[in-house]
J.: 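Have a look at the structure that comes next, please.
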Amino acid sequence: MAIGINYESAGSEDIIPIIKYDAKAGRMFRRDRVNGDNEQVDITRSFKAAFDFENLETGFIAFPVGGAPDFALARIGDRIPEKPTSDHRQGVRLLVKLTKDCGGDVRELASTAKAFLRGIDAAHDAYEADKAANPGKLPVFILEDTVPVVSEGGGNKTTNYSPVFKLIGWVARPSDLTYIPRAKSSEPAPAKATPPSTGSSRVTAPVDADDDFG
Amino acid sequence: MVVAPAHPPVECGATLSESDAMSPFERYGIEHLSPSSCNTFSAAPAAFILQKCLKRSNPVGPAAHRGTAVETGIAHGLMYPDASEEECITKTREQFNTLNALSTDSRIDKEAGVLADMVKTGLRELRPYGVPSSMQGHVTHTVEGLSVPLIGYYDFEWAHKNVLIDLKTSHTVPSKIKLPHARQVSLYKATRGEHLSARVTYCAPKKVATYELENFREHLSALERVCLTIQKFLSLSDDPLELASYVVPDVDSFYYNDPVTRQEVFEIWRV
(Lines give C-alpha, C1' and ligand atoms only; values in the text may rest on other atoms or scores of the structure.)
Protein backbone atom coordinates (compact mmCIF):
# COMPACT_ATOMS: atom_id res chain seq x y z
CA MET A 1 0.00 0.00 0.00
CA ALA A 2 3.03 2.25 -0.20
CA ILE A 3 1.70 3.82 -3.37
CA GLY A 4 -1.83 3.93 -2.02
CA ILE A 5 -3.48 1.36 -4.27
CA ASN A 6 -6.26 -0.79 -2.81
CA TYR A 7 -6.14 -4.29 -4.31
CA GLU A 8 -9.18 -5.46 -2.40
CA SER A 9 -12.52 -5.85 -4.07
CA ALA A 10 -15.33 -3.48 -3.21
CA GLY A 11 -16.51 -5.96 -0.59
CA SER A 12 -19.76 -7.82 -0.44
CA GLU A 13 -21.37 -5.10 1.64
CA ASP A 14 -21.09 -2.79 -1.37
CA ILE A 15 -23.05 -5.20 -3.58
CA ILE A 16 -26.76 -4.79 -3.06
CA PRO A 17 -29.28 -6.42 -5.41
CA ILE A 18 -31.25 -3.92 -7.43
CA ILE A 19 -34.64 -3.09 -8.74
CA LYS A 20 -34.82 -1.11 -11.92
CA TYR A 21 -37.43 1.26 -13.22
CA ASP A 22 -37.64 1.20 -17.01
CA ALA A 23 -38.90 4.67 -17.86
CA LYS A 24 -39.38 3.81 -21.53
CA ALA A 25 -41.73 0.97 -20.68
CA GLY A 26 -43.11 2.33 -17.42
CA ARG A 27 -42.33 -0.96 -15.68
CA MET A 28 -40.57 -1.85 -12.44
CA PHE A 29 -38.28 -4.89 -12.50
CA ARG A 30 -36.53 -6.85 -9.81
CA ARG A 31 -33.20 -8.15 -11.01
CA ASP A 32 -32.34 -11.53 -9.50
CA ARG A 33 -29.15 -13.49 -9.88
CA VAL A 34 -30.10 -17.04 -10.89
CA ASN A 35 -27.37 -19.60 -11.63
CA GLY A 36 -24.93 -16.84 -12.44
CA ASP A 37 -27.29 -15.05 -14.81
CA ASN A 38 -29.41 -11.97 -14.34
CA GLU A 39 -33.12 -12.57 -14.43
CA GLN A 40 -35.64 -9.73 -14.52
CA VAL A 41 -38.95 -10.14 -12.76
CA ASP A 42 -41.69 -7.63 -13.49
CA ILE A 43 -43.02 -6.33 -10.17
CA THR A 44 -44.87 -3.30 -11.54
CA ARG A 45 -48.26 -4.44 -10.29
CA SER A 46 -47.16 -5.91 -6.99
CA PHE A 47 -44.66 -3.21 -6.09
CA LYS A 48 -44.88 -2.18 -2.46
CA ALA A 49 -41.84 -1.08 -0.49
CA ALA A 50 -40.54 0.95 2.42
CA PHE A 51 -38.34 3.76 1.08
CA ASP A 52 -35.28 4.89 3.02
CA PHE A 53 -35.77 8.52 2.06
CA GLU A 54 -33.89 9.60 5.17
CA ASN A 55 -30.75 8.39 3.42
CA LEU A 56 -31.64 9.26 -0.15
CA GLU A 57 -28.52 9.99 -2.18
CA THR A 58 -28.44 12.57 -4.94
CA GLY A 59 -25.72 13.66 -7.34
CA PHE A 60 -24.39 12.23 -10.59
CA ILE A 61 -24.48 8.73 -12.04
CA ALA A 62 -23.03 7.23 -15.21
CA PHE A 63 -24.51 4.02 -16.63
CA PRO A 64 -21.94 3.01 -19.29
CA VAL A 65 -23.15 0.42 -21.77
CA GLY A 66 -21.77 -2.96 -20.76
CA GLY A 67 -19.93 -1.52 -17.75
CA ALA A 68 -20.54 -1.00 -14.07
CA PRO A 69 -22.35 2.20 -13.10
CA ASP A 70 -20.34 4.95 -11.50
CA PHE A 71 -21.83 6.96 -8.66
CA ALA A 72 -20.83 10.40 -7.41
CA LEU A 73 -23.51 10.87 -4.81
CA ALA A 74 -24.03 12.41 -1.43
CA ARG A 75 -26.65 11.82 1.21
CA ILE A 76 -29.44 14.33 0.85
CA GLY A 77 -28.52 17.54 2.63
CA ASP A 78 -24.78 16.94 2.23
CA ARG A 79 -22.73 18.69 -0.39
CA ILE A 80 -23.05 16.99 -3.77
CA PRO A 81 -19.77 15.94 -5.43
CA GLU A 82 -18.62 17.65 -8.61
CA LYS A 83 -19.84 16.08 -11.84
CA PRO A 84 -17.01 13.62 -12.61
CA THR A 85 -17.43 13.37 -16.41
CA SER A 86 -19.75 14.52 -19.15
CA ASP A 87 -21.21 11.00 -19.18
CA HIS A 88 -22.55 11.44 -15.67
CA ARG A 89 -26.12 12.66 -15.34
CA GLN A 90 -28.12 13.92 -12.41
CA GLY A 91 -29.63 11.03 -10.54
CA VAL A 92 -30.69 9.48 -7.28
CA ARG A 93 -30.08 6.27 -5.39
CA LEU A 94 -31.94 4.86 -2.42
CA LEU A 95 -32.53 1.63 -0.60
CA VAL A 96 -35.96 0.10 -0.38
CA LYS A 97 -37.32 -2.89 1.49
CA LEU A 98 -39.72 -4.85 -0.70
CA THR A 99 -42.75 -6.50 0.81
CA LYS A 100 -42.89 -10.28 0.72
CA ASP A 101 -45.24 -10.23 -2.27
CA CYS A 102 -42.65 -8.66 -4.51
CA GLY A 103 -39.39 -10.01 -3.15
CA GLY A 104 -39.12 -9.35 0.56
CA ASP A 105 -35.53 -8.15 0.59
CA VAL A 106 -33.57 -4.93 0.57
CA ARG A 107 -32.87 -3.54 -2.87
CA GLU A 108 -31.11 -0.57 -4.38
CA LEU A 109 -33.01 1.68 -6.73
CA ALA A 110 -31.05 4.17 -8.83
CA SER A 111 -31.84 6.13 -11.93
CA THR A 112 -31.02 9.20 -13.98
CA ALA A 113 -34.17 9.09 -16.10
CA LYS A 114 -35.96 12.40 -15.83
CA ALA A 115 -39.33 10.69 -15.94
CA PHE A 116 -38.33 8.58 -12.95
CA LEU A 117 -36.86 11.55 -11.09
CA ARG A 118 -40.17 13.40 -11.40
CA GLY A 119 -41.96 10.51 -9.76
CA ILE A 120 -39.42 10.05 -6.99
CA ASP A 121 -39.44 13.80 -6.34
CA ALA A 122 -43.20 13.76 -5.84
CA ALA A 123 -42.90 10.74 -3.54
CA HIS A 124 -40.25 12.54 -1.55
CA ASP A 125 -42.56 15.55 -1.20
CA ALA A 126 -45.24 13.27 0.23
CA TYR A 127 -42.67 11.83 2.65
CA GLU A 128 -41.54 15.28 3.76
CA ALA A 129 -45.11 16.39 4.38
CA ASP A 130 -45.85 13.54 6.81
CA LYS A 131 -42.51 12.59 8.29
CA ALA A 132 -42.80 14.81 11.37
CA ALA A 133 -45.93 12.93 12.40
CA ASN A 134 -44.12 9.59 11.96
CA PRO A 135 -40.77 9.98 13.67
CA GLY A 136 -38.27 7.18 13.17
CA LYS A 137 -40.49 5.44 10.63
CA LEU A 138 -40.14 4.80 6.92
CA PRO A 139 -42.82 5.57 4.34
CA VAL A 140 -44.41 2.71 2.42
CA PHE A 141 -45.20 3.32 -1.24
CA ILE A 142 -46.97 1.41 -3.95
CA LEU A 143 -46.57 2.07 -7.66
CA GLU A 144 -50.08 3.31 -8.28
CA ASP A 145 -49.68 4.25 -11.92
CA THR A 146 -47.29 5.33 -14.63
CA VAL A 147 -48.07 8.38 -16.71
CA PRO A 148 -46.66 9.22 -20.15
CA VAL A 149 -44.36 12.19 -20.48
CA VAL A 150 -43.74 13.32 -24.04
CA SER A 151 -40.59 15.23 -24.87
CA GLU A 152 -39.62 16.75 -28.18
CA GLY A 153 -36.17 17.43 -29.49
CA GLY A 154 -34.41 17.33 -32.84
CA GLY A 155 -37.69 16.78 -34.63
CA ASN A 156 -38.41 13.61 -32.67
CA LYS A 157 -41.04 12.88 -30.07
CA THR A 158 -40.09 10.59 -27.23
CA THR A 159 -42.50 9.14 -24.74
CA ASN A 160 -41.34 8.04 -21.31
CA TYR A 161 -43.40 7.01 -18.34
CA SER A 162 -43.17 8.68 -14.98
CA PRO A 163 -43.95 6.52 -11.94
CA VAL A 164 -46.72 7.63 -9.61
CA PHE A 165 -45.83 6.39 -6.16
CA LYS A 166 -48.60 6.48 -3.58
CA LEU A 167 -47.78 6.80 0.10
CA ILE A 168 -49.94 4.24 1.88
CA GLY A 169 -48.45 4.08 5.36
CA TRP A 170 -45.47 4.17 7.66
CA VAL A 171 -43.49 1.37 9.28
CA ALA A 172 -40.70 1.00 11.77
CA ARG A 173 -37.32 0.74 10.04
CA PRO A 174 -36.78 -2.93 9.07
CA SER A 175 -33.77 -4.37 10.88
CA ASP A 176 -32.03 -5.31 7.63
CA LEU A 177 -32.46 -1.90 6.05
CA THR A 178 -29.30 -0.18 7.19
CA TYR A 179 -27.71 2.70 5.40
CA ILE A 180 -23.95 2.48 5.02
CA PRO A 181 -22.29 5.30 3.09
CA ARG A 182 -20.51 3.87 0.10
CA ALA A 183 -17.47 4.96 -1.84
CA LYS A 184 -17.87 7.96 -4.09
CA SER A 185 -16.03 8.28 -7.35
CA SER A 186 -15.54 11.92 -6.67
CA GLU A 187 -15.21 13.62 -3.32
CA PRO A 188 -17.13 16.83 -2.82
CA ALA A 189 -15.24 20.04 -3.17
CA PRO A 190 -14.37 21.52 0.21
CA ALA A 191 -17.16 23.78 1.29
CA LYS A 192 -16.99 26.79 3.53
CA ALA A 193 -18.55 25.63 6.76
CA THR A 194 -21.50 27.58 8.09
CA PRO A 195 -23.19 27.43 11.51
CA PRO A 196 -25.76 24.64 11.65
CA SER A 197 -29.41 25.54 12.04
CA THR A 198 -31.04 24.34 15.26
CA GLY A 199 -34.56 23.59 14.10
CA SER A 200 -37.51 25.83 13.35
CA SER A 201 -39.95 23.24 12.00
CA ARG A 202 -42.95 22.99 14.23
CA VAL A 203 -44.08 19.44 14.87
CA THR A 204 -47.07 17.80 16.47
CA ALA A 205 -47.66 14.52 18.25
CA PRO A 206 -47.22 11.45 16.04
CA VAL A 207 -50.27 9.66 14.72
CA ASP A 208 -50.97 6.16 16.02
CA ALA A 209 -51.36 4.44 12.66
CA ASP A 210 -48.71 1.74 12.63
CA ASP A 211 -48.69 -0.30 9.43
CA ASP A 212 -47.68 -3.88 10.07
CA PHE A 213 -44.89 -4.27 7.53
CA GLY A 214 -42.93 -7.19 6.65
CA MET B 1 29.91 4.64 57.16
CA VAL B 2 27.94 5.82 54.15
CA VAL B 3 24.42 4.49 53.92
CA ALA B 4 23.02 4.23 50.41
CA PRO B 5 19.67 5.96 49.99
CA ALA B 6 16.65 3.66 49.68
CA HIS B 7 15.74 5.30 46.39
CA PRO B 8 18.13 6.86 43.91
CA PRO B 9 17.85 10.64 43.80
CA VAL B 10 15.79 12.19 41.03
CA GLU B 11 18.27 13.48 38.52
CA CYS B 12 16.24 15.89 36.51
CA GLY B 13 15.23 17.91 39.49
CA ALA B 14 11.54 17.65 38.67
CA THR B 15 9.19 15.82 40.98
CA LEU B 16 5.57 15.03 40.47
CA SER B 17 3.27 16.58 43.03
CA GLU B 18 -0.11 15.05 43.83
CA SER B 19 -1.72 17.91 42.00
CA ASP B 20 0.32 17.25 38.86
CA ALA B 21 -0.88 13.67 38.75
CA MET B 22 -4.53 14.74 38.89
CA SER B 23 -6.65 15.56 35.89
CA PRO B 24 -7.76 19.19 35.58
CA PHE B 25 -11.23 18.15 36.68
CA GLU B 26 -10.01 16.24 39.71
CA ARG B 27 -8.12 19.31 40.90
CA TYR B 28 -11.38 21.20 41.06
CA GLY B 29 -13.51 18.32 42.30
CA ILE B 30 -15.55 18.24 39.09
CA GLU B 31 -16.85 14.73 38.50
CA HIS B 32 -18.76 15.34 35.29
CA LEU B 33 -19.83 17.98 32.82
CA SER B 34 -23.39 18.62 31.70
CA PRO B 35 -24.97 20.62 28.89
CA SER B 36 -25.89 23.17 31.53
CA SER B 37 -22.31 23.63 32.76
CA CYS B 38 -21.05 23.71 29.16
CA ASN B 39 -23.59 26.37 28.25
CA THR B 40 -22.62 28.39 31.32
CA PHE B 41 -18.95 28.18 30.33
CA SER B 42 -19.80 29.32 26.78
CA ALA B 43 -22.04 32.19 27.84
CA ALA B 44 -20.35 33.34 31.03
CA PRO B 45 -16.95 31.77 31.78
CA ALA B 46 -16.68 33.82 34.97
CA ALA B 47 -19.92 32.29 36.25
CA PHE B 48 -18.49 28.84 35.51
CA ILE B 49 -15.33 29.65 37.48
CA LEU B 50 -17.38 31.06 40.31
CA GLN B 51 -19.54 27.94 40.60
CA LYS B 52 -17.23 25.11 39.64
CA CYS B 53 -13.75 26.28 40.62
CA LEU B 54 -14.33 28.73 43.45
CA LYS B 55 -17.33 26.73 44.71
CA ARG B 56 -19.27 29.87 45.49
CA SER B 57 -22.98 29.80 46.02
CA ASN B 58 -25.15 29.46 42.99
CA PRO B 59 -28.61 30.57 44.04
CA VAL B 60 -31.36 29.75 41.60
CA GLY B 61 -33.96 32.45 41.04
CA PRO B 62 -37.74 32.29 40.73
CA ALA B 63 -37.52 31.90 36.93
CA ALA B 64 -35.64 28.62 37.29
CA HIS B 65 -38.05 27.48 40.00
CA ARG B 66 -40.95 28.34 37.69
CA GLY B 67 -39.47 25.96 35.10
CA THR B 68 -39.09 23.15 37.61
CA ALA B 69 -42.57 23.66 39.03
CA VAL B 70 -44.32 23.85 35.65
CA GLU B 71 -42.53 20.70 34.56
CA THR B 72 -43.75 18.94 37.69
CA GLY B 73 -47.36 19.89 36.97
CA ILE B 74 -47.14 18.89 33.32
CA ALA B 75 -45.41 15.62 34.18
CA HIS B 76 -48.27 14.87 36.59
CA GLY B 77 -50.80 15.58 33.87
CA LEU B 78 -48.99 13.31 31.42
CA MET B 79 -48.58 10.42 33.83
CA TYR B 80 -52.21 10.68 34.91
CA PRO B 81 -54.26 11.43 31.79
CA ASP B 82 -57.41 11.76 33.90
CA ALA B 83 -55.89 14.37 36.17
CA SER B 84 -57.65 17.71 35.77
CA GLU B 85 -55.85 20.89 34.79
CA GLU B 86 -56.60 22.28 38.21
CA GLU B 87 -54.95 19.30 39.89
CA CYS B 88 -51.81 19.80 37.75
CA ILE B 89 -51.79 23.52 38.48
CA THR B 90 -52.09 22.82 42.20
CA LYS B 91 -49.06 20.49 42.00
CA THR B 92 -47.16 23.24 40.21
CA ARG B 93 -48.09 25.93 42.73
CA GLU B 94 -47.21 23.72 45.66
CA GLN B 95 -43.75 23.02 44.29
CA PHE B 96 -43.16 26.64 43.31
CA ASN B 97 -44.06 27.79 46.83
CA THR B 98 -41.82 25.17 48.41
CA LEU B 99 -38.84 26.08 46.22
CA ASN B 100 -39.27 29.79 46.94
CA ALA B 101 -40.17 29.43 50.62
CA LEU B 102 -37.04 31.14 51.87
CA SER B 103 -36.67 33.59 49.04
CA THR B 104 -37.30 37.32 49.25
CA ASP B 105 -36.77 37.81 45.52
CA SER B 106 -39.09 40.49 44.16
CA ARG B 107 -39.71 38.50 40.96
CA ILE B 108 -41.63 35.72 42.72
CA ASP B 109 -45.05 37.28 42.15
CA LYS B 110 -44.41 37.77 38.45
CA GLU B 111 -43.44 34.13 38.00
CA ALA B 112 -46.27 32.86 40.21
CA GLY B 113 -48.73 34.72 37.98
CA VAL B 114 -47.88 32.70 34.85
CA LEU B 115 -47.77 29.21 36.34
CA ALA B 116 -51.36 28.21 35.61
CA ASP B 117 -51.35 29.37 31.99
CA MET B 118 -48.03 27.66 31.30
CA VAL B 119 -49.33 24.38 32.67
CA LYS B 120 -52.42 24.69 30.48
CA THR B 121 -50.51 25.37 27.28
CA GLY B 122 -48.01 22.63 28.09
CA LEU B 123 -50.69 20.03 28.70
CA ARG B 124 -52.50 21.06 25.53
CA GLU B 125 -49.30 20.50 23.56
CA LEU B 126 -48.01 17.33 25.17
CA ARG B 127 -51.05 15.30 26.20
CA PRO B 128 -51.66 14.21 22.57
CA TYR B 129 -48.37 12.28 22.82
CA GLY B 130 -49.88 10.03 25.49
CA VAL B 131 -48.24 8.74 28.64
CA PRO B 132 -44.43 9.01 28.44
CA SER B 133 -42.46 5.79 28.62
CA SER B 134 -39.87 7.52 30.81
CA MET B 135 -39.23 10.87 32.43
CA GLN B 136 -36.17 12.56 33.87
CA GLY B 137 -33.96 9.88 32.36
CA HIS B 138 -30.25 9.97 33.10
CA VAL B 139 -27.86 9.79 30.15
CA THR B 140 -24.09 9.50 30.03
CA HIS B 141 -21.89 10.21 27.05
CA THR B 142 -18.18 9.62 26.70
CA VAL B 143 -16.23 12.27 24.86
CA GLU B 144 -12.94 11.10 23.39
CA GLY B 145 -10.07 12.79 25.19
CA LEU B 146 -12.25 14.10 28.03
CA SER B 147 -11.42 12.73 31.48
CA VAL B 148 -14.95 13.08 32.90
CA PRO B 149 -18.29 11.92 31.52
CA LEU B 150 -20.81 14.25 29.97
CA ILE B 151 -24.14 13.62 31.65
CA GLY B 152 -27.68 14.91 31.42
CA TYR B 153 -31.32 14.29 32.24
CA TYR B 154 -33.98 14.39 29.54
CA ASP B 155 -37.53 15.42 30.40
CA PHE B 156 -39.88 13.08 28.52
CA GLU B 157 -39.48 10.13 26.20
CA TRP B 158 -42.12 8.21 24.29
CA ALA B 159 -39.99 5.25 23.18
CA HIS B 160 -42.89 3.59 21.36
CA LYS B 161 -43.39 6.74 19.31
CA ASN B 162 -39.67 7.40 18.82
CA VAL B 163 -39.99 10.86 20.33
CA LEU B 164 -38.02 12.60 23.03
CA ILE B 165 -38.95 16.07 24.27
CA ASP B 166 -37.29 18.59 26.50
CA LEU B 167 -39.61 21.16 28.00
CA LYS B 168 -38.63 24.81 28.34
CA THR B 169 -40.75 27.49 29.93
CA SER B 170 -40.42 31.14 28.97
CA HIS B 171 -42.54 34.24 28.76
CA THR B 172 -42.29 34.23 24.95
CA VAL B 173 -41.99 31.42 22.45
CA PRO B 174 -38.91 31.62 20.21
CA SER B 175 -39.17 31.02 16.47
CA LYS B 176 -36.60 28.22 16.57
CA ILE B 177 -34.69 26.05 19.02
CA LYS B 178 -32.19 28.11 20.98
CA LEU B 179 -28.60 27.04 20.46
CA PRO B 180 -27.90 25.93 24.06
CA HIS B 181 -31.06 23.82 23.93
CA ALA B 182 -30.04 22.30 20.59
CA ARG B 183 -26.75 21.19 22.13
CA GLN B 184 -28.51 19.81 25.18
CA VAL B 185 -31.06 17.82 23.19
CA SER B 186 -28.38 16.57 20.79
CA LEU B 187 -26.83 14.79 23.78
CA TYR B 188 -30.11 13.06 24.53
CA LYS B 189 -30.55 11.97 20.93
CA ALA B 190 -26.99 10.64 20.77
CA THR B 191 -27.44 8.58 23.91
CA ARG B 192 -31.06 7.47 23.63
CA GLY B 193 -30.96 6.62 19.92
CA GLU B 194 -30.37 8.46 16.71
CA HIS B 195 -33.67 7.18 15.36
CA LEU B 196 -35.50 9.36 17.87
CA SER B 197 -37.15 12.58 16.88
CA ALA B 198 -35.59 14.95 19.41
CA ARG B 199 -37.77 17.96 20.11
CA VAL B 200 -37.96 21.02 22.30
CA THR B 201 -41.29 22.32 23.54
CA TYR B 202 -41.37 25.99 24.46
CA CYS B 203 -44.20 26.72 26.79
CA ALA B 204 -45.33 30.32 27.37
CA PRO B 205 -48.49 31.59 29.12
CA LYS B 206 -50.44 32.10 25.91
CA LYS B 207 -48.45 30.21 23.31
CA VAL B 208 -46.67 26.93 22.93
CA ALA B 209 -44.53 25.47 20.14
CA THR B 210 -42.60 22.25 19.62
CA TYR B 211 -39.65 22.23 17.24
CA GLU B 212 -37.70 19.29 15.89
CA LEU B 213 -33.94 19.36 16.35
CA GLU B 214 -31.89 19.64 13.15
CA ASN B 215 -28.21 18.91 12.55
CA PHE B 216 -27.85 16.99 15.78
CA ARG B 217 -24.37 15.68 14.95
CA GLU B 218 -23.06 19.20 14.49
CA HIS B 219 -24.59 20.35 17.77
CA LEU B 220 -23.26 17.32 19.61
CA SER B 221 -19.86 17.97 18.12
CA ALA B 222 -20.03 21.58 19.31
CA LEU B 223 -20.96 20.41 22.80
CA GLU B 224 -18.00 18.03 22.81
CA ARG B 225 -15.69 20.84 21.72
CA VAL B 226 -16.92 22.99 24.60
CA CYS B 227 -16.16 20.11 27.01
CA LEU B 228 -12.62 19.79 25.68
CA THR B 229 -12.14 23.55 25.86
CA ILE B 230 -13.19 23.51 29.52
CA GLN B 231 -10.66 20.75 30.18
CA LYS B 232 -7.94 22.75 28.44
CA PHE B 233 -8.88 25.90 30.33
CA LEU B 234 -8.86 24.17 33.71
CA SER B 235 -5.43 22.71 32.95
CA LEU B 236 -3.96 26.20 32.79
CA SER B 237 -3.72 26.40 36.55
CA ASP B 238 -4.68 24.66 39.77
CA ASP B 239 -5.26 28.08 41.31
CA PRO B 240 -8.89 29.13 40.76
CA LEU B 241 -8.03 32.79 41.23
CA GLU B 242 -5.50 32.56 38.42
CA LEU B 243 -8.19 31.10 36.17
CA ALA B 244 -10.47 33.94 37.28
CA SER B 245 -7.83 36.43 36.20
CA TYR B 246 -8.14 35.25 32.59
CA VAL B 247 -11.77 36.35 32.21
CA VAL B 248 -13.97 39.33 33.01
CA PRO B 249 -17.65 38.91 33.93
CA ASP B 250 -20.38 40.85 32.17
CA VAL B 251 -22.11 41.94 35.35
CA ASP B 252 -25.29 42.91 33.52
CA SER B 253 -25.84 39.28 32.58
CA PHE B 254 -28.61 37.40 34.37
CA TYR B 255 -25.97 35.01 35.63
CA TYR B 256 -25.05 37.63 38.25
CA ASN B 257 -28.56 38.90 39.06
CA ASP B 258 -28.60 37.42 42.53
CA PRO B 259 -27.32 40.02 45.04
CA VAL B 260 -25.05 37.53 46.81
CA THR B 261 -23.53 36.42 43.52
CA ARG B 262 -23.10 40.02 42.43
CA GLN B 263 -21.23 40.80 45.64
CA GLU B 264 -18.96 37.77 45.18
CA VAL B 265 -18.19 38.84 41.63
CA PHE B 266 -17.23 42.26 42.88
CA GLU B 267 -14.97 40.85 45.58
CA ILE B 268 -13.15 38.57 43.13
CA TRP B 269 -12.96 40.67 40.00
CA ARG B 270 -13.45 44.16 41.49
CA VAL B 271 -15.96 44.98 38.74
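Just so you know, these numbers use all the heavy atoms, side chains as well, and skip hydrogens, waters and symmetry mates. Per chain, numbering begins at 1; letters A, B, ... match sequence-line order.
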J.: For S197(B) and K131(A), run side chain to side chain contact (heavy atoms under 4.5 Å, CB included): C-alpha distance rounded to whole Å, both residues' side-chain angles, the deciding distance at 0.1 Å, then the answer.
T.: CA-CA 10 Å; S197(B) 168; K131(A) 75 170 183 182; over 6 Å; no
J.: Which atom pair, heavy atoms only, marks the closest approach of V203(A) to Y211(B)?
T.: CG2-C, 4.1 Å
J.: Given that the side chain runs from C-beta out, which part of L213(B) has a heavy atom under 4.5 Å from chain A: side chain, backbone, both or neither?
T.: both
J.: At a 4.5 Å cut-off on heavy atoms, which part of E125(B) comes close to chain A: side chain, backbone, both, or neither?
T.: side chain
J.: Any non-hydrogen side-chain atom of P196(A) less than 4.5 Å from a side-chain atom of R217(B)?
T.: no
J.: Which bit of V208(B) comes within less than 4.5 Å of chain A, counting heavy atoms only: side chain, backbone, both or neither?
T.: backbone
J.: Of the non-hydrogen atoms in E214(B) and S200(A), which two are nearest, and what is the gap between them?
T.: OE2-N, 3.8 Å
J.: Can you tell me if K91(B) has over 12 outside heavy atoms packed within less than 6.0 Å of its NZ?
T.: no
J.: Short question: side chain of H219(B), backbone of S197(A) - any donor-acceptor pair under 3.5 Å?
T.: yes
J.: Please determine, among L126(B), I177(B), I165(B), the option with the most heavy-atom pairs under 4.5 Å with chain A.
T.: I177(B)
J.: Which heavy atom of N162(B) sits nearest to which heavy atom of G136(A), and what is that distance?
T.: ND2-CA, 4.0 Å
J.: Quick check: are there more than 12 heavy atoms from other residues, nucleotides or ligands sitting under 6.0 Å from CZ of R45(A)?
T.: no
J.: Return yes when atom OH of Y80(B) has more than 12 non-hydrogen atoms of other residues, nucleotides or ligands closer than 6.0 Å, and no otherwise.
T.: no
J.: Measuring from T204(A):OG1 to R199(B):CZ, what's the distance to the nearest 0.5 Å?
T.: 7.0 Å
J.: Working to the nearest 0.5 Å, report the span between CZ of F216(B) and OG1 of T198(A).
T.: 15.0 Å
J.: Evaluate whether atom CD of Q136(B) has more than 12 neighbouring non-hydrogen atoms of other residues, nucleotides or ligands under 6.0 angstrom away.
T.: yes
J.: What part of T210(B) lies closer than 4.5 angstrom to a heavy atom of chain A: side chain, backbone, both or neither?
T.: both
